[in-house]
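Scroll down for the structure; my scribbles are underneath it.
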Amino acid sequence: MAHTSEAPDTLPVQKDEAVPQENSGYTANMSILEHLTELRRRILYSLLAVAVCSAIAYGFLDRIMAFLMEPAGKLYYMQPAEAFFVYAKVVVFSGFMLSLPVIFYQAWAFLLPALTMRERLLLSVLVPVSVLLFVAGILFSFKLVLPLAMNFFLGMGSTDFQPFLSAGSYFDFILTFVIPFGLLFEMPLIMLVLAWLGIITSDMLASKFRIVIMVCFVLGALFTPPDIISQCMLAIPMVLLYGVGYLAIKYILHK
């Protein structure tokens, strides 16, 4: 008699096939060496952008120098090669400023495949806004705060103690003075990122508001000439930027 096997009560369960994740870009399958190669490529693109923009800025060097020398007036150079290095610094810094969109884009393009769609959308807004805020901070410092600082420092001279500004020292002073303002104007974006990561909340920021005001005016007293106008020119924007970050966290991120 033929043997008939009974059908099993249950069929073997098949494992679900792996579903590709939303953020499985090139970073999911790349080795460390390939990551470094990709990073090097992005850095080279950024350096190339700085070189091209520096060449463009060189064509407008006279106008750039006149703009930068406006707060100081006439300058002198004390060493034979000082003027050359000043021009080189100005050209490279101008090229860097012009190439900021490309530099930020290359950083974004490197991180983009590893991010979720929500993170990509957030970065697509943060990257251009961060460039605009950085430039706005530098322009604010150069056009409003730097003239006040120059008037204060040059006003400390006397008939026996005349200011004799060296071109090299002046441009070094400008760079160390205006770049912190560019970074300062990034405060709202930094606050947004910290809130998005769950580190801070709008309630936490509101509870610290009085302390922040005091800290801003203390920093204004430390990093500006000792007069109330210069201190307010730094402290008030810091407080306003803090308020912008608070409102963005509360009404955009809802945290």
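Residue numbers count from 1 along this sequence.
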Checklist entry - Between Cys53 and Gly95, what is the shortest heavy-atom contact and its length? => result CB-O, 3.4 Å
Item to check | Spacing of Ile56 atom CD1 and Ser94 atom OG [to the nearest 0.5 Å] | outcome: 11.5 Å
Checklist entry - For atom OH of Tyr58, is the number of surrounding heavy atoms from other residues, nucleotides or ligands below 6.0 Å larger than 12? => result no
Checklist outcome for this item: Contacts of Lys89 meeting side chain to side chain contact (heavy atoms under 4.5 Å, CB included) (sequence neighbours excluded), chain-then-number -> Asp172
Next on the checklist: My understanding is that only residues two or more places apart in sequence, or in another chain, count here; which of them pass side chain to side chain donor-acceptor pair (under 3.5 Å) with Gln106?
Outcome noted: Arg42
Item to check | Spacing of Ile236 atom CD1 and Leu241 atom CG [to the nearest 0.5 Å] | outcome: 12.0 Å
Next on the checklist: Starting from Met65, can I reach Leu98 by hopping between I/L/V/M/F/W/Y residues whose side chains sit under 4.5 Å apart?
Outcome noted: no
Next on the checklist: Using side-chain heavy atoms (C-beta onward) and a distance below 4.5 Å, is Phe181 in contact with Phe142?
Outcome noted: no
Next on the checklist: Tell me whether Phe85 shares a hydrophobic cluster with Ile174, the cluster being built from Ile, Leu, Val, Met, Phe, Trp, Tyr side chains joined at under 4.5 Å.
Outcome noted: no
Next on the checklist: Would you compute the distance between atom CG of Leu39 and atom CG of Leu44 and round it to the nearest 0.5 angstrom?
Outcome noted: 9.5 Å
Next on the checklist: Do Met191 and Leu183 sit in one hydrophobic cluster, given that two such residues count as connected whenever their side-chain heavy atoms are within less than 4.5 Å of each other, even indirectly?
Outcome noted: yes
Next on the checklist: Any side-chain to backbone donor/acceptor pair from Ser99 onto Val102? Under 3.5 Å, distance only.
Outcome noted: no
Checklist outcome for this item: For Ser202 and Lys250 the tightest heavy-atom approach is CB-CB, 3.8 Å
Item to check | Reported NZ-to-CD distance for the pair Lys143 and Glu70, which is rounded to 0.5 angstrom | outcome: 4.5 Å
Next on the checklist: To the closest 0.5 Å, what do you measure between CD1 (Ile200) and CG (Leu205)?
Outcome noted: 4.5 Å
Checklist entry - Quick one: does Ile64's side chain get under 4.5 Å of Phe93's, heavy atoms only? => result no
Item to check | Donor-acceptor contact present, side-chain Ser207 to main-chain Met204, <3.5 Å | outcome: yes
Checklist entry - Do other residues, nucleotides or ligands put more than 12 heavy atoms under 6.0 Å from Tyr87 OH? => result no
Checklist outcome for this item: What one should report as the nearest heavy-atom pair of Gly198 and Lys255 is N-NZ, 4.4 Å
Item to check | Neighbour count above 12 (heavy atom, 6.0 Å) for Tyr105 OH | outcome: no
Checklist entry - With the 4.5 Å side-chain cut-off for hydrophobic clustering, are Met69 and Phe60 part of the same group? => result yes
Checklist entry - How far apart are the closest heavy atoms of Glu82 and Ala167, and which atoms are they? => result OE2-N, 3.7 Å
Next on the checklist: Quick check on the hydrophobic clustering: are Val92 and Ile179 connected, directly or via other members, by side-chain heavy-atom contacts under 4.5 Å?
Outcome noted: no
Checklist entry - Is there a side-chain contact between Phe185 and Leu132 (heavy atoms, below 4.5 Å)? => result no
Item to check | Side chain proximity check, Leu192 to Pro188, heavy atoms < 4.5 angstrom | outcome: no
Checklist entry - Once you round to the nearest 0.5 Å, how far does CD1 of Ile190 lie from CG of Leu184? => result 9.0 Å
Next on the checklist: In terms of relative ring orientation, are Phe134 and Phe96 parallel, tilted or perpendicular, with 30° and 60° separating the classes?
Outcome noted: perpendicular
Next on the checklist: On a heavy-atom basis, which atom in Pro237 and which in Phe140 lie closest, and how many Å separate them?
Outcome noted: CG-CZ, 3.4 Å
Checklist entry - If we only count heavy atoms from C-beta on, is the Ile252 to Trp196 side-chain gap below 4.5 Å? => result no
Checklist entry - Do other residues, nucleotides or ligands put more than 12 heavy atoms under 6.0 Å from Tyr45 OH? => result no
Checklist outcome for this item: Checking Val218, Ile211, Val212 against Val215 for side chain to side chain contact (heavy atoms under 4.5 Å, CB included), the one that qualifies is Ile211
Checklist entry - If every non-hydrogen atom of Lys208 is compared with every non-hydrogen atom of Tyr242, which pair is closest and at what distance? => result CB-OH, 4.1 Å
